[in-house]
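The structure under discussion appears below in the form of structure tokens.
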There are 2 protein chains.
Amino acid sequence: MNILVCDDDKEILDAIKIYLDNEGYKVFKAANGLEALEIIGEKEIHLIIMDIMMPKMDGLRATMKIREDKNIPVIMLSAKSEDTDKIMGLNMGADDYITKPFNPLELIARVKSQLRRYTTLGSLETRSNVFKTGGLMLDDESKIVTVDGEAVKLTPVQYKILKLLTANAGRVYSIDEIYEKVWKEPAVSPENTVAVHIRKIREKIEINPKEPKYLKVVWGIGYKVEKL
Amino acid sequence: MNILVCDDDKEILDAIKIYLDNEGYKVFKAANGLEALEIIGEKEIHLIIMDIMMPKMDGLRATMKIREDKNIPVIMLSAKSEDTDKIMGLNMGADDYITKPFNPLELIARVKSQLRRYTTLGSLETRSNVFKTGGLMLDDESKIVTVDGEAVKLTPVQYKILKLLTANAGRVYSIDEIYEKVWKEPAVSPENTVAVHIRKIREKIEINPKEPKYLKVVWGIGYKVEKL
DNA sequence: ATAAATCTTAATATTTTCTTAATGTTAATA
DNA sequence: TATTAACATTAAGAAAATATTAAGATTTAT
């Protein structure tokens with residue numbers, strides 16, 4: 001299991017690494033949020049321990065950024081212990097929270113607790129980022145999409161659109177929003193390539209594209225994948 | 001989302017139910033571990049909030065039992081706050097831990113944090129913009145409007161008008177005010193498009209549009225959504 | 001380099017929504 | 001109770017948004 005520890009305080013970084021090494025985890029270190037994002041892009045990280053206060057990019061922002069397309073558990077570290085900070089951290093997408101100074105045993109316990117959800121009994125197999133709603137499921141690790149267990153083959157753009165909508169099932173995205181998130185550039189009108197892709201996706205994941213069960217349109221607002 | 005709350009203290013049970021109800025979760029109650037296991041067998045439960053100290057079967061044993069074949073996130077509740085208990089709870093398979101007495105906001109935050117991986121993560125905008133009054137509820141994220149749990153489909157303009165009035169339930173808005181806020185331009189008379197939209201909204205959210213329960217008119221002044 | 005797959009564009013169709021305008025109804029008040 | 005101003009109702013045409021299709025451009029794989 002690979003754990004990324006992100007803190008600008010080198011001493012704490014080293015201390016945590018020692019505790020985790022001792023438990024048999026492979027530990028990567030980052031001094032700030034940007035470094036963390038880089039490492040996450042390169043290595044397969046299973047858990048992140050992240051300080052909130054850091055230069056360059058703080059832990060909360062980094063967590064938000066990570067959560068945009070990865071489902072890696074995050075444990076927040078902070079010197080503050082007030083409720084408001086705790087709540088903010090958890091709402092930003094953190095999975096757990098530890099205040100400094102921390103008890104090494106508690107750190108280990110929380111690490112294990114978070115990793116437990118992603119290991120299957122018996123093996124140390126990592127879990128993949130699976131997004132599902134109803135009979136629709138996409139596995140971000142393998143890029144496999146299934147509908148009621150049946151695999152469907154999506155093209156890259158189709159996959160990105162469906163992932164965005166499924167990862168945030170229930171939320172409505174305007175066409176422009178979709179364009180921006182997927183193409184990473186602002187949409188310029190006239191714009192109907194998204195509509196074309198939506199059609200193609202529907203052809204593949206819906207029984208009847210005209211009466212979509214998953215990929216719905218909200219007139220005048222945009223598209224969403226139904227939260228089922 | 002269905003949440004099972006398990007505690008032998010009826011007061012705490014009811015208090016938690018109120019907090020969670022208010023956030024739009026469906027709440028099931030159990031007085032001990034055995035009852036909890038029963039309900040889990042019957043209903044689809046997405047999260048469990050469990051007290052550690054209970055008669056019949058305590059929370060730790062129940063959690064272990066649940067973890068034998070289900071992977072439902074568990075948040076532990078306990079009066080004790082010593083580190084050892086905390087660690088034990090987490091090692092037993094709990095995903096999070098709250099000590100009594102607890103801050104309701106923190107409870108909600110931790111619940112959301114655990115459930116996020118079910119609804120699946122994504123953007124930071126997890127704050128659910130939900131406006132409700134009586135049986136009327138609108139969720140700004142999914143653009144879903146429900147009346148007594150029944151979904152109704154509003155058009156964009158209809159939605160905007162109803163959102164304005166519901167978000168400020170009780171306040172009366174003149175027709176011109178509504179026009180300005182929704183169309184973002186001053187109203188020019190003769191103007192009756194707002195009235196037409198009001199009618200359409202009433203058709204959708206009211207049992208009897210002629211005797212509206214939610215969307216009322218205040219003669220000579222304007223419209224409001226009743227604060228219930 | 002070529003073929004296959006994928007993406008975008010553009011033209012057109014279809015669906016849904018919005019506004020207008022004509023007319024009806026209600027509530028306050030003199 | 002007659003008057004009037006404000007709201008209600010309806011239907012139809014205009015406008016806006018999405019859907020669809022096919023062809024051409026681009027990218028990817030072999």
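All values reported here derive from a predicted model rather than from experimental measurement. Here is the naming used below: chain letters follow the sequence lines, and residue numbers restart at 1 for every chain.
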Without decimals, in angstroms, what is the distance between [X] [atom1] and [N] [atom2]?
| X | N | atom1 | atom2 | result |
| --- | --- | --- | --- | --- |
| B/K160 | C/dT17 | NZ | P | 13 Å |
| A/K143 | C/dT6 | NZ | P | 16 Å |
| A/I178 | C/dT8 | CD1 | P | 14 Å |
| B/K216 | C/dT26 | NZ | P | 17 Å |
| A/I161 | C/dC7 | CD1 | C1' | 11 Å |
| B/K204 | C/dC18 | NZ | C1' | 12 Å |

Does any N or O in the side chain of [X] come within less than 3.5 Å of the main-chain N or O of [Y], such that one atom is a donor and the other an acceptor?
| X | Y | value |
| --- | --- | --- |
| B/K224 | B/L165 | no |
| A/T166 | A/A169 | no |
| A/T133 | A/L228 | yes |

Between [X] and [Y], does at least one N-O distance fall below 4.0 Å, as a salt bridge requires?
| X | Y | value |
| --- | --- | --- |
| A/E211 | A/K216 | no |
| B/D139 | B/K143 | no |
| A/E35 | A/K29 | no |

Do [X] and [Y] come within less than 4.5 Å of each other through their side chains, counting heavy atoms only?
| X | Y | value |
| --- | --- | --- |
| A/Y223 | A/I198 | yes |
| A/Y179 | A/E177 | no |
| B/I3 | B/H46 | no |

Exercise for review: Answer yes or no: does a side-chain N or O of A/W183 lie under 4.0 Å from OP1 or OP2 of C/dT8?
Suggested key: yes
**Study point:** N or O in side chain of B/T155 less than 4.0 angstrom from C/dC18 OP1/OP2
**Key:** yes
Practice item. May I ask you to say what B/P156 touches in the nucleic acid, namely base, sugar-phosphate or nothing, with a heavy-atom cut-off under 4.0 Å? Key: sugar-phosphate
Review point. Which of residues 191-203 of chain B sit near DNA chain C, with a heavy atom under 4.0 Å from it?
Key: B/N192, B/T193, B/V196, B/H197
Review point. Does a donor on one side chain sit under 3.5 Å from an acceptor on the other, for A/Y159 and A/D140?
Key: yes
Practice item. Extract, from 5' to 3' on DNA chain D, the first and final nucleotides lying under 4.0 angstrom from some heavy atom of chain A. Key: D/dA17 to D/dT21
Check your understanding: the helix from C/dA1-D/dT30 to C/dA30-D/dT1: angle between its terminal axes, five pairs each, to 10°?
Key -> 40°
Practice item. Evaluate the salt bridge (charged side-chain N to carboxylate O under 4.0 Å, His left out) criterion for residues A/E203 and A/R199: first the C-alpha distance (whole Å), next the side-chain angles of each, then the deciding distance (0.1 Å), finally the verdict. Key: CA-CA 6 Å; A/E203 275 175 9; A/R199 177 77 216 302; 2.9 Å; yes
